[in-house]
Undergrad: 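Please find one structure pasted underneath; my questions will follow.
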Amino acid sequence: MTTIRVLLVDDDPLARAGLASLLGAVGDIEVCGEASDGDEVVAAVRAVSPAVILMDLRMPRLGGVEATRLVRALPSPPHVIALTTWDVDDAVVRSLEAGADGFLLKTAAPLEIVGAIRAVMQGDAVLSPRSTRQLLDHVGRRDDAARRAALALMGTLTEREREVAVATGHGLTNAVIGERLYMSPATVKQHLGSVQQKLGVGNRVGVAVLAERAGLLAGPGVR
């Protein structure tokens, strides 16, 4: 069994202690380090090589959005899961645009936190269909120029890649997409990697945002 190394980043020592206690009881997860502010994150990543960071968004010296951006610029960066007190807001949107793989409320249940860590390691985003819809409603399709640009990028995809992109935009996991499109999760992951490369985005959240801006998510999605 491969152990998932996790770095905790939060300015509240009680919050870090609670997460460390929770994750310490999970057999396939190891808390390999902690940081008390965003300006400590890059050094911590280099020191302990985590696979996943649980990143508080609001910290006094350097917030989680900018810290996420710095981390994602590193070679072979870890996955980042944003932690927030609120549901979808500007900070959450900016963290996802900076490269976070999803977000969790700080009130999330222990099983949800553990499941999220495992999910990002499998290539899935930490966004439920409900959260995905809230995110896309918050972002909106913006102006006509943004919509034309998104449509042009979507036009570079093959028909199968486009199907995967739309399903991703509806918040479906690789396993569910595979079931509905009659392909293996590994094949879905391969298609999604190609989609991300062609669209110039770093994760499936970016795929969802571009699919929304292109107007491709108005229907019910893959059935």
Undergrad: Given M154 and L216, is the side-chain contact (heavy atoms from CB on, under 4.5 Å) satisfied, shown in steps?
TA: CA-CA 9 Å; M154 287 292 169; L216 302 182; 3.8 Å; yes

Undergrad: Using the rule given for side-chain contact (heavy atoms from CB on, under 4.5 Å), can you reason through R180 versus V176, listing the C-alpha separation, both sets of side-chain angles and the distance that settles it, and then say yes or no?
TA: CA-CA 6 Å; R180 299 188 183 187; V176 174; 3.4 Å; yes

Undergrad: Could you tell me the separation between the CG atom of L7 and the SG atom of C32, rounded to the nearest 0.5 Å?
TA: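 It comes to 6.0 Å.
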
Undergrad: Kindly give the heavy-atom pair with the smallest separation between L151 and A214, and that separation in Å.
TA: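 Looks like CD2-O, 3.4 Å.
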
Undergrad: Between CG of L199 and CG of L192, what distance do you get to the nearest 0.5 Å?
TA: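 Interatomic distance, L199 CG to L192 CG, rounded to 0.5 Å: 9.5 Å.
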
Undergrad: Ignoring hydrogens and geometry, is there a side-chain-to-backbone donor-acceptor pair from R160 to H191 under 3.5 Å?
TA: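 Pair absent, no side-chain N/O of R160 close to backbone of H191.
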
Undergrad: Counting distance only, does the side-chain N/O of D10 pair as donor-acceptor with the main-chain N or O of A15 below 3.5 Å?
TA: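 Side chain of D10 to backbone of A15: no pair is present.
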
Undergrad: Does anything in residues 13-25 form a side-chain hydrogen bond (donor to acceptor under 3.5 Å, both in side chains)? List the pairs, not counting sequence neighbours.
TA: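 Listed once each, the pairs are R16-E34.
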
Undergrad: Donor-acceptor pairs under 3.5 angstrom involving side-chain atoms of residues 111-118: please list them, not counting sequence neighbours.
TA:
| residue | atom | partner | partner atom | Å |
| --- | --- | --- | --- | --- |
| R118 | NE | D28 | OD2 | 3.0 |
| R118 | NH2 | D28 | OD1 | 2.9 |

Undergrad: What pairs meet the salt bridge (charged side-chain N to carboxylate O under 4.0 Å, His left out) rule with one or both residues in residues 196-211, with sequence neighbours excluded?
TA: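 Only D124-R204, E161-K198 qualify under salt bridge (charged side-chain N to carboxylate O under 4.0 Å, His left out).
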
Undergrad: Compare every heavy atom of L22 with every heavy atom of P110, then report the nearest pair and how far apart it is.
TA: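 Looking at all heavy atoms of both residues, the shortest contact is CB-CD1, 3.3 Å.
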
Undergrad: At their closest point, which heavy atom of I53 faces which heavy atom of P78, and how far apart are they?
TA: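 It is CD1-CG, 3.7 Å.
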
Undergrad: Considering residues at least two apart in sequence or located in another chain, which fulfil the side chain to side chain contact (heavy atoms under 4.5 Å, CB included) criterion with S49?
TA: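 Residues passing side chain to side chain contact (heavy atoms under 4.5 Å, CB included) with S49: none at all.
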
Undergrad: My understanding is that only residues two or more places apart in sequence, or in another chain, count here; which of them pass side-chain hydrogen bond (donor to acceptor under 3.5 Å, both in side chains) with R69?
TA: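 side-chain hydrogen bond (donor to acceptor under 3.5 Å, both in side chains) check on R69 returns E66.
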
Undergrad: Roughly how far apart are S184 OG and K189 NZ, rounded to 0.5 Å?
TA: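 Separation between the atoms: 11.5 Å.
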
Undergrad: How far does NE2 of H79 sit from CD of Q122, to the nearest 0.5 angstrom?
TA: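 So the NE2 of H79 and the CD of Q122 are separated by 10.0 Å.
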
Undergrad: To the nearest 0.5 angstrom, please state how far the CG atom of L153 sits from the CZ atom of R213.
TA: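 Interatomic distance, L153 CG to R213 CZ, rounded to 0.5 Å: 10.5 Å.
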
Undergrad: For the residue pair Q190 and S194, confirm or rule out a side-chain donor-acceptor distance under 3.5 Å.
TA: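 No pair is found: no donor N or O on one side chain lies under 3.5 Å from an acceptor on the other.
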
Undergrad: Which residue is it: L23, L54, L19, V48? I am looking for the one with a side chain to side chain contact (heavy atoms under 4.5 Å, CB included) to V31.
TA: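 Exactly one option meets the side chain to side chain contact (heavy atoms under 4.5 Å, CB included) with V31, and it is L23.
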
Undergrad: Nearest heavy-atom pair of L217 and V166: which atoms, and what distance?
TA: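 Smallest heavy-atom distance, with atoms named: CD2-O, 3.6 Å.
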
Undergrad: Closer than 4.0 angstrom, basic N to acidic O: yes or no for D56 and K106?
TA: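 Salt bridge present between D56 and K106.
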
Undergrad: Of the non-hydrogen atoms in S95 and A82, which two are nearest, and what is the gap between them?
TA: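 Looking at all heavy atoms of both residues, the shortest contact is OG-CB, 3.8 Å.
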
Undergrad: T168 side chain to V164 main-chain N or O, any donor-acceptor pair under 3.5 Å?
TA: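 Side chain of T168 to backbone of V164: a pair is present.
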
Undergrad: What distance do L62 atom CG and T68 atom OG1 have between them, rounded to the nearest 0.5 Å?
TA: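 Here the interatomic distance stands at 9.5 Å.
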
Undergrad: Should R162 and E159 count as an ion pair when the cut-off is N to O under 4.0 Å?
TA: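 A salt bridge is absent here (no side-chain N lies under 4.0 Å from a carboxylate O).
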
Undergrad: For D39, what residues pass the salt bridge (Lys or Arg N to Asp or Glu O under 4.0 Å) criterion, not counting sequence neighbours?
TA: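 If we apply the salt bridge (Lys or Arg N to Asp or Glu O under 4.0 Å) test to D39, skipping adjacent residues, the hits are R61.
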
